[in-house]
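Structure first, then comments.
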Amino acid sequence: MLKRISALVLAGLTAMAVAACGSGGGGGVSGSDGGGSGGGDDAITMGFSQVGAESGWRTANTKSVQESAAKAGITLKFSDAQQKQENQIKAIRSFIQQRVDVIAFSPVVESGWDTVLKEAQNAKIPVILTDRAVDSKDTSLYKSFLGSDFIEEGKKAGQWLVEEYKDATDTVNIVELQGTTGSAPANDRKEGFAQVIAAEPKFKVIASQTGDFTRAKGKEVMEAFLKSNPDIDVLYAHNDDMGLGAIEAIEGAGKVPGEDIKIITVDAVKDGMQALADGKINYIVECSPLLGPQLMDLAKKVVKGEQVPARVVTEETTFTQEQAKEVLSTRQY
Ligand code: AHR
């Protein structure tokens, strides 16, 4: 009997050792929290560095990643960078030290990642970019980039404006609330919008400043815009939260959002959709935060060493006020 038990224990230990060697390309075993590989083929630990909690979009994205990891049986080591690149770099280095099986992160800004990504590559830990891109020339530093086409989002915002003002002959004065300086969505949403409106000289961006993707900063910057520019026709905000903050500023200045000043935003989170349905926002370009399920699928594949697409673009749509009223009750985030 004792002999049989010993044989079983030995077989179990051997299986665990084999599984640990085969996991993640990094041979990683857990940290003290019991995470990490070593339990078999599908025991995966993901280190995930999130940008922060700056917006409704971000909260929904965090929830999607956490719920999807739990559903996929992936142990998630989650780190909130509070909108600071240095915190993300620290988190990634800590994931490397803990020898997680895969690292995923949403880079707060586009530049300055090559060194730490090289460290992950040297440690043979695959990296997946999610939501935001990096501008590294060496694309072998990450396996895949899952997220929206932010240039396309900016273009959609511009196309709506061109159509809305197609009969206007006067100058259309636009103010722009940009996202976090240096971030991919701020750079690309600005660029896509500018490309489209450039075709018509009547469109003039009279002020453009960062509101850091937050409601509070959106309000503050819009208040300053309103003080120095009496004739604002349109606000283009790179996300709903800044647009919602700006609505408070516009109302505070005695103007009617959606009428005196037309508003275009990006994201389509519930609060934004409510303001759209209420007529305070005129148009929203969707940016889906529900990236969790696709991220976990990609993670499982890269850990197994399977080929994955270098770029996975999120499917998205746009909403008018009428469309917002129709879908509001079933909106997931
Ligand atoms: O990277 C996605 C952007 O980040 C969202 O549009 C914005 O709300 C968030 O903060």
Side-chain angles (χ1 to χ4, degrees), residues 48-65 80-85 87-88 104-111 113 128-135 142 145-157 176-193 209-219 221-222 235-247 263-276 281 283-292 294-295 311-319 331-333:
F48 183 84
S49 171
Q50 179 59 289
V51 168
E54 72 283 4
S55 62
W57 189 99
R58 190 63 55 196
T59 307
N61 179 246
T62 294
K63 189 164 173 260
S64 171
V65 170
D80 176 341
Q82 301 180 335
Q83 295 244 65
K84 291 201 177 83
Q85 182 176 32
N87 290 345
Q88 287 201 297
F105 80 114
S106 174
V108 60
V109 290
E110 283 192 280
S111 306
W113 298 102
I128 302 171
L129 303 178
T130 172
D131 161 35
R132 298 184 182 180
V134 298
D135 64 4
Y142 53 90
F145 165 36
L146 161 69
S148 309
D149 182 337
F150 296 133
I151 293 206
E152 195 52 37
E153 291 174 351
K155 283 185 182 171
K156 286 178 188 168
E176 180 179 31
L177 281 169
Q178 298 178 36
T180 304
T181 305
S183 69
N187 293 342
D188 293 356
R189 286 175 188 163
K190 183 174 176 53
E191 190 185 323
F193 183 75
Q209 210 177 301
T210 182
D212 226 2
F213 281 130
T214 68
R215 214 176 273 214
K217 200 76 194 294
K219 182 178 179 193
V221 177
M222 190 67 198
L235 162 67
Y236 168 43
H238 289 188
N239 81 344
D240 289 345
D241 279 80
M242 291 189 295
L244 291 164
I247 286 172
I263 303 179
I264 313 164
T265 64
V266 184
D267 275 358
V269 296
K270 260 207 179 127
D271 287 356
M273 292 292 273
Q274 184 63 61
L276 183 62
I281 294 179
Y283 191 65
I284 300 187
V285 177
E286 186 183 43
C287 175
S288 175
L290 306 179
L291 304 176
Q294 282 170 295
L295 176 61
R311 177 75 170 105
V312 182
V313 182
T314 318
E315 274 180 38
E316 287 156 348
T317 184
T318 55
F319 295 100
R331 203 75 190 142
Q332 281 186 61
Y333 54 91

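Whatever order the structure lists ligands and atoms in, that order sets their numbers, starting from 1. All residue numbers in this chain count up from 1 along the given sequence.
Looking only at protein heavy atoms, the nearest one to atom 2 (C) of ligand 1 is Asp131 OD1, 3.3 Å. Closest protein heavy atom to atom 10 (O) of ligand 1: Glu54 OE2, 2.4 Å. Closest to atom 3 (C) of ligand 1 among all protein heavy atoms lies Arg132 NH2, 3.8 Å.
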- Message: Determine whether Tyr236 and Lys190 satisfy the following criterion, side-chain contact (heavy atoms from CB on, under 4.5 Å), listing intermediate values before the conclusion.
- Response: CA-CA 9 Å; Tyr236 168 43; Lys190 183 174 176 53; 5.9 Å; no
- Item | Steps toward side-chain contact (heavy atoms from CB on, under 4.5 Å) verdict (Phe213, Val51) | CA-CA 11 Å; Phe213 281 130; Val51 168; over 6 Å; no
- Go through the steps for Asp267 and Thr265 under the test side-chain contact (heavy atoms from CB on, under 4.5 Å), then give the verdict. CA-CA 7 Å; Asp267 275 358; Thr265 64; over 6 Å; no
- Item | Worked verdict on Gln50 versus Asn61 for side-chain contact (heavy atoms from CB on, under 4.5 Å) | CA-CA 9 Å; Gln50 179 59 289; Asn61 179 246; 2.9 Å; yes
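Under 4.0 angstrom from ligand 1, there are no non-hydrogen atoms of Glu286.
The salt bridge (charged side-chain N to carboxylate O under 4.0 Å, His left out) pairs that include a residue from residues 50-65 are Glu54-Arg58, Glu54-Arg132, Arg58-Asp131, Lys63-Glu67, where partners are two or more places apart or lie in different chains.
Within ligand 1, the atoms closer than 4.0 Å to a non-hydrogen atom of Pro185 are 1 (O), numbered from 1 in the order shown. Under a 4.0 Å criterion applied to the non-hydrogen atoms of Phe213, ligand 1 contributes the atoms 7 (C), 10 (O). Close contacts between ligand 1 and Ser55 involve ligand atoms 7 (C), 8 (O), 9 (C), 10 (O) [criterion: under 4.0 Å to a heavy atom].
Lys84 NZ: 12 or fewer foreign heavy atoms inside a 6.0 Å radius.
The closest non-hydrogen atom to atom 5 (C) of ligand 1, taken over Asp267, Val269, Asn239, comes from Asp267.
Residue Gln83 places every heavy atom at 4.0 Å or more from ligand 1.
Looking at Glu153 and His238, their side chains never bring a donor and an acceptor atom within 3.5 Å of each other.
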